[in-house]
A.B. asks: 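Let me give you the structure first, and then I'll get to my questions.
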There are 2 protein chains.
Amino acid sequence: MKDITNLAWFAHVVEHGSFSGAARALGVPKSTLSRRIADLEDELGVRLLNRTTRKLYLTDVGREFLVHCQTVVAAAEAAEQVTHFVQEKPRGKVRISSPYAISQSLLVSIMPGFLARYPDVQIDLVMTNKPVNLIEEQVDIALRVRSTIEDSSLIARELLPSASALFASPECVTRYGLPEHPLDLSDWPTLSMHYSSGRYQWSFTSQHGESVTMNYQPRLITDDLWVLREAAAEHQGVVSLPVYLCRDYVEQGRLVRVLPEWRLPVGKLHMVYPYRRGLLPAVRVLIDYLIEFMPGAAGLAGLATDSDA
Amino acid sequence: MKDITNLAWFAHVVEHGSFSGAARALGVPKSTLSRRIADLEDELGVRLLNRTTRKLYLTDVGREFLVHCQTVVAAAEAAEQVTHFVQEKPRGKVRISSPYAISQSLLVSIMPGFLARYPDVQIDLVMTNKPVNLIEEQVDIALRVRSTIEDSSLIARELLPSASALFASPECVTRYGLPEHPLDLSDWPTLSMHYSSGRYQWSFTSQHGESVTMNYQPRLITDDLWVLREAAAEHQGVVSLPVYLCRDYVEQGRLVRVLPEWRLPVGKLHMVYPYRRGLLPAVRVLIDYLIEFMPGAAGLAGLATDSDA
DNA sequence: AATTACTGTTCCATATATGGCACAATTTTT
DNA sequence: AAAAATTGTGCCATATATGGAACAGTAATT
């Protein structure tokens with residue numbers, strides 16, 4: 001079948017009872033319609049309509065043929081309807097990928113509000129600490145903590161600064177001595193998130209502008225911040241963690257901030273999504289919602305902002 | 001919806017799992033396929049497929065959309081199937097129009113053989129003595145007795161000569177006197193078929209080549225030959241009738257041939273059908289069957305051929 | 001590690017389809 | 001009776017879509 005559109009046009013011609021009428025309804029020149037139906041008949045080797053200059057008569061074949069053509073039209077309209085449906089208001093599923101820590105601390109606190117505001121939207125929250133390929137994982141939005149997002153095929157929106165600092169248990173500090181300078185940490189056991197680069201280092205900046213880069217060999221590598229925090233609280237070593245994650249533990253005396261005068265690079269919580277012309281309303285409103293409410297959620301969760309970094 | 005073919009192509013792309021595969025299967029360049037699907041997505045404002053260079057991923061919308069596209073494909077195939085069905089062997093209905101007399105004397109005798117030979121063909125025999133418009137009456141084949149068929153949009157096949165002669169009842173001949181010359185009929189009551197021209201005349205040719213044209217005012221005008229024959233047998237006057245129609249009555253002594261030395265123009269039984277590229281097998285075989293068996297049927301029915309005209 | 005094969009997309013000269021017009025045929029209106 | 005309106009089709013300059021080649025990216029193979 002060369003051009004299925006011809007089937008739909010044929011159905012319209014029959015239903016309007018004339019080429020001219022159907023042409024007007026379809027917004028197509030009647031000469032085109034005439035030729036296309038004639039082409040269709042030639043291709044099929046069968047006459048569908050007998051024409052006088054004034055009236056059309058369906059052939060027997062045409063009559064049976066018509067039924068299926070009408071099915072084509074109905075199915076095509078139903079197909080189009082599907083796309084209208086998800087476009088007229090926020091509807092359907094949105095897959096969002098987020099690291100565990102972010103999900104547990106920030107997302108969970110704002111999701112109820114979002115779900116209440118958009119009752120026809122379902123959220124599929126994929127929690128993972130691994131870097132995700134948005135297309136392969138079929139994810140609409142991903143949250144990432146990075147200093148910069150380099151992938152040009154993605155749109156990146158900066159949601160929050162996410163300051164990190166070094167933490168260790170008081171017991172560790174007692175055991176290894178309170179460090180005054182980054183190099184004092186050289187014989188400390190260290191913990192770290194997994195980095196695919198395989199290079200583990202801290203880049204310190206003092207309040208006077210002095211820079212020190214220090215390589216270290218982590219005793220524990222994992223891809224979950226919470227695990228790292230527990231390990232640190234259990235005296236396993238010193239670790240770089242988001243400030244907001246540790247605030248409670250610091251207040252409880254389970255962790256202390258190490259080298260508070262030296263800053264580590266401020267990461268940023270990014271939201272990334274693929275560049276797409278037709279972003280669905282459901283995805284759009286989640287993006288907007290995250291932009292609007294994530295900073296507030298971070299405040300409630302005690303996330304470090306510049307002022308307390 | 002601009003081009004419904006795109007829906008079918010989309011379905012094929014999904015089912016093959018790749019543009020290249022679908023392109024090969026459809027016999028379409030993959031560049032065309034790629035562009036058409038992209039156009040479709042733009043037109044709908046929705047992304048149907050997420051592509052990597054190696055794999056395709058249906059979006060949620062695409063998945064729902066696909067169902068209807070598959071319906072389109074199935075319906076289009078079903079439509080095409082309808083046309084194949086009636087083309088692969090003689091099948092379906094054939095409407096044939098024929099004058100009453102021809103139907104009753106000739107067609108009925110050969111129809112059983114035809115119906116037996118082609119069990120999947122139905123014949124719709126429209127008996128009428130009025131001139132039929134093949135298209136408006138939706139007739140595939142019409143039988144007509146004319147000297148020539150002038151309509152160029154029709155294909156005319158000559159089936160038989162159909163000689164006519166004048167007949168009257170013996171009683172009439174006794175009453176008005178046996179005519180020796182056409183002009184002897186001038187005071188006879190006359191009967192005639194209905195002619196739309198409104199001009200009633202007999203054109204005689206003698207065996208010596210002499211021509212005489214005689215106008216007359218019919219006492220009875222009808223459009224059925226059988227009625228005319230009965231009227232003549234009932235002594236209502238002289239009438240021009242096909243020779244074969246009257247043979248039985250002549251043998252029974254109910255009618256006699258008048259002016260046997262003077263011939264009337266020999267009409268011809270024609271079969272006409274519209275010129276169509278795609279003549280269905282069912283129509284084709286009926287045409288062929290009539291050409292093959294009508295002469296024999298005429299012989300059995302005693303239809304006048306040249307030899308007995 | 002390097003090579004090969006194959007993916008989907010883009011480009012652009014070329015081939016194809018389009019659509020305004022004219023036309024013959026017919027119906028409706030004047 | 002004549003004129004106006006409307007039908008479906010054929011024509012042809014023009015606009016649109018096509019499809020082969022090139023390309024960048026990825027997976028499988030060597």
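In what follows, chains are A, B, ... by sequence order, proteins preceding strands, each numbered from 1. Remember, predicted model here, so these are calculated numbers, not experimental data.
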A.B. asks: Using a cut-off of strictly less than 4.0 Å, decide whether B:R35 has a side-chain nitrogen or oxygen near OP1 or OP2 of C:dG8.
C.D. replies: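 It does not, given that no N or O in the side chain of B:R35 lies less than 4.0 Å from OP1 or OP2 of C:dG8.
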
A.B. asks: When the ring planes of B:Y216 and B:Y200 are compared, do they come out parallel, tilted or perpendicular, using 30° and 60° as the limits?
C.D. replies: perpendicular

A.B. asks: Decide whether B:T5 and B:D3 meet the rule of one side-chain donor and one side-chain acceptor closer than 3.5 Å.
C.D. replies: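 The criterion, which ignores hydrogens and geometry beyond distance, is satisfied for B:D3 and B:T5.
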
A.B. asks: When the axes are fitted on five pairs at both termini, how much does the helix from C:dA1-D:dT30 to C:dT30-D:dA1 curve, in 10° steps?
C.D. replies: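 One end axis against the other gives 30°.
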
A.B. asks: For a quick check of understanding: with a heavy-atom distance under 4.0 Å over all strands, which category does A:K30 fall into, base, sugar-phosphate or nothing?
C.D. replies: base

A.B. asks: How about A:Q201 and A:R199: do any of their side-chain heavy atoms sit closer than 4.5 Å?
C.D. replies: yes

A.B. asks: Give the rounded distance in Å between these two atoms: CG of A:N6 and C1' of C:dT16.
C.D. replies: 14 Å

A.B. asks: Starting from P on C:dG20, measure out to CZ on A:R24 and report it in whole angstrom.
C.D. replies: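 A:R24 atom CZ is separated from C:dG20 atom P by 14 Å.
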
A.B. asks: Test the B:R91-B:F85 pair against the cation-pi criterion, namely NZ or CZ under 6.0 angstrom from the six-membered ring centroid and within 45° of the ring axis.
C.D. replies: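 Because its charged atom sits under 6.0 Å from the ring centre and within 45° of the axis, B:R91 does stack over B:F85.
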
A.B. asks: Rounded to the nearest angstrom, tell me the gap between atom CG in A:D3 and atom C1' in C:dA17.
C.D. replies: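 Going from A:D3 (CG) to C:dA17 (C1'), I get 11 Å.
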
A.B. asks: Would you kindly give the NE2-to-P distance between A:H16 and D:dT6, to the nearest whole Å?
C.D. replies: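 These atoms are roughly 16 Å apart.
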
A.B. asks: Mind checking A:S31 for me? I need base, sugar-phosphate or nothing, with any heavy atom below 4.0 Å counting as a touch.
C.D. replies: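 The residue A:S31 makes base contact.
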
A.B. asks: Provide, to the nearest angstrom, the distance between the CG atom belonging to B:N133 and the C1' atom belonging to C:dT26.
C.D. replies: 12 Å

A.B. asks: With sequence neighbours left out, write down each residue that passes ring pair (Phe, Tyr, Trp, His ring centres under 6.0 Å) with B:Y273, or none if nothing qualifies.
C.D. replies: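 Result, ring pair (Phe, Tyr, Trp, His ring centres under 6.0 Å) vs B:Y273: none returned.
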
A.B. asks: Which heavy atom in B:E80 sits nearest to a heavy atom in A:F65, and how many Å separate them?
C.D. replies: N-CE1, 4.1 Å

A.B. asks: Using the ring of each side chain (for Trp, its six-membered ring), is B:Y118 parallel, tilted or perpendicular to B:Y289, with breaks at 30° and 60°?
C.D. replies: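 It falls in the perpendicular class, over 60°.
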
A.B. asks: Are any of the side-chain nitrogens in B:E64 or A:K93 under 4.0 Å away from the carboxylate oxygens of its partner?
C.D. replies: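 No, B:E64 and A:K93 are not salt-bridged.
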
A.B. asks: At under 4.0 Å, does any side-chain N or O of A:T32 touch on OP1 or OP2 of C:dT18?
C.D. replies: no

A.B. asks: Tell me: CG of A:L33 to C1' of C:dA17, nearest whole Å?
C.D. replies: 14 Å

A.B. asks: To the nearest Å, give me how far apart CD1 (A:I37) and P (D:dT7) are.
C.D. replies: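 Rounding to the nearest Å, CD1 of A:I37 and P of D:dT7 are 16 Å apart.
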
A.B. asks: Nearest of C:dG8, C:dG19, D:dA17 to any side-chain atom of B:R36?
C.D. replies: D:dA17

A.B. asks: Protein within reach of the bases, or only the backbone? For nucleotides 25-30 of chain D, mark each nucleotide 5' to 3' as B, S or -, using heavy atoms under 4.0 Å.
C.D. replies: BBS---

A.B. asks: In whole angstroms, how far is the P atom of D:dG8 from the CZ atom of A:F10?
C.D. replies: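 After rounding, the reported distance stands at 14 Å.
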
A.B. asks: Tell me whether the side-chain N/O atoms of B:S34 come closer than 4.0 Å to OP1 or OP2 in C:dT9.
C.D. replies: yes

A.B. asks: Could you tell me the separation between the CG atom of A:D140 and the CG atom of B:D60, rounded to the nearest 0.5 Å?
C.D. replies: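 The CG atom of B:D60 is 7.5 Å from CG of A:D140, to the nearest 0.5 Å.
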
